[in-house]
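Right, one structure below, let's go through it.
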2 protein chains.
Amino acid sequence: MYTRCIAGARTYQKVGTMITLNDKTYTCPVDVTLGFIGGKWKLLILSHLHWQEQSSYAKLKENLPGVSEKMLSQQLKELERDLLITKTMLSRKPYRVSYSLSAEGKSLAPLYEFVSSWGVRYLKQQGIDYIQDQQLYK
Amino acid sequence: MYTRCIAGARTYQKVGTMITLNDKTYTCPVDVTLGFIGGKWKLLILSHLHWQEQSSYAKLKENLPGVSEKMLSQQLKELERDLLITKTMLSRKPYRVSYSLSAEGKSLAPLYEFVSSWGVRYLKQQGIDYIQDQQLYK
DNA sequence: CAGTATCCTTAGCGATACTG
DNA sequence: CAGTATCGCTAAGGATACTG
């Protein structure tokens, strides 16, 4: 028996069961969302696609320093399965693909923006100005 | 050499170095934020405190089905070290403590709300009405 | 380019027992 | 109640080689 919370209203409920969805159980809506974006590299991939709009596999890899091929393709596959991103084949020969956010993935846009802004604010608070004197490209 | 993105503006920059903060390196502001909330149970703990306002160790444990004592105290310790939560001793004998969000932890409130709302919306879309016919307690 | 397959290590994590 | 300490395992993840 545990309590779980509801967004907006500061109320809670005593419940004995958890949320069941596709043979998995979740404790609360936050847990549900984490099931989609909780993977080690997922939020970085999604936010990258949020700003780049579309990206190749190689470009994603370049922009995620430290990710292994295994992890990148695994996380991409899960994101695609969960319908957060869309993979498009640009050409068969030479083989070119493009990843981009799906409508569902775009619905998380406020999250990408907030998480990034919070990071920028934190850095500034620590005396690191992330934006300052940066050379920007369109 | 990789590119990194900036919130708000859909621009990016070519950089050779990463962000360094307290001997750790980050690829972008999103990564920085994830350093604080990326732990396995952290967002669940934080959002629990967001709605409960304050909670004991036992109550936290009760509301995080599946968490081990080790993980709970480890994550709590990290959150406290990172100044996202505050621990208060209510009484020494019997020993009682209370965890709550710090100002820094509260600054992530839009995140808790959004992540929860997104989960609720997703569940509804799947035919699961999380709020419906629930017995609520104040 | 865009991955997959395999091997292998390590550290994240759970279970249990113990403490103030 | 509110934790800490220790042990041991397993699955996450890295490195490398290979494929269409």
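In what follows, every heavy atom counts, from backbone to side chain, and hydrogens, waters and symmetry copies are set aside. In what follows, chains are A, B, ... by sequence order, proteins preceding strands, each numbered from 1.
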How would you label the contact of B/K93 with the nucleic acid (heavy atoms, under 4.0 Å): base, sugar-phosphate, or nothing?
nothing
Check every strand shown and say whether A/K77 touches a base, only sugar-phosphate, or nothing at a heavy-atom separation below 4.0 Å.
sugar-phosphate
Nearest-Å distance, [atom1] ([X]) to [atom2] ([N])?
| X | N | atom1 | atom2 | answer |
| --- | --- | --- | --- | --- |
| A/K40 | C/dG12 | NZ | P | 9 Å |
| B/Q74 | C/dG14 | CD | C1' | 12 Å |
| A/M71 | D/dA15 | CE | C1' | 14 Å |

Are any of A/S68's side-chain N or O atoms less than 4.0 Å away from OP1 or OP2 of D/dA15?
no
So does A/K87 get a side-chain nitrogen or oxygen closer than 4.0 Å to the phosphate oxygens (OP1/OP2) of C/dG3?
yes
Nearest of [options] to any side-chain atom of [X]?
| X | options | value |
| --- | --- | --- |
| B/Y95 | D/dA15, C/dG20, C/dA2 | C/dG20 |
| B/Y99 | D/dG3, D/dC1, C/dC1 | D/dG3 |
| B/R96 | D/dA15, C/dT4, D/dA2 | D/dA2 |

I would like to know whether A/V120 and A/D129 meet side-chain contact (heavy atoms from CB on, under 4.5 Å); could you show each step before the answer?
CA-CA 8 Å; A/V120 170; A/D129 201 334; 6.0 Å; no
Using 4.0 Å as the upper bound for N to carboxylate O, is an ion pair formed by A/E53 and A/K106?
no
Verify same cluster id: B/L60, B/M89 (apolar side-chain graph, 4.5 Å)
yes
Any strand counts, and the cut-off is 3.5 Å on both contacts for Watson-Crick or G-U wobble. Which nucleotide pairs with D/dT10?
C/dA11
Partner of D/dG20 under the Watson-Crick or G-U wobble criteria, both distances under 3.5 Å, comes out as C/dC1
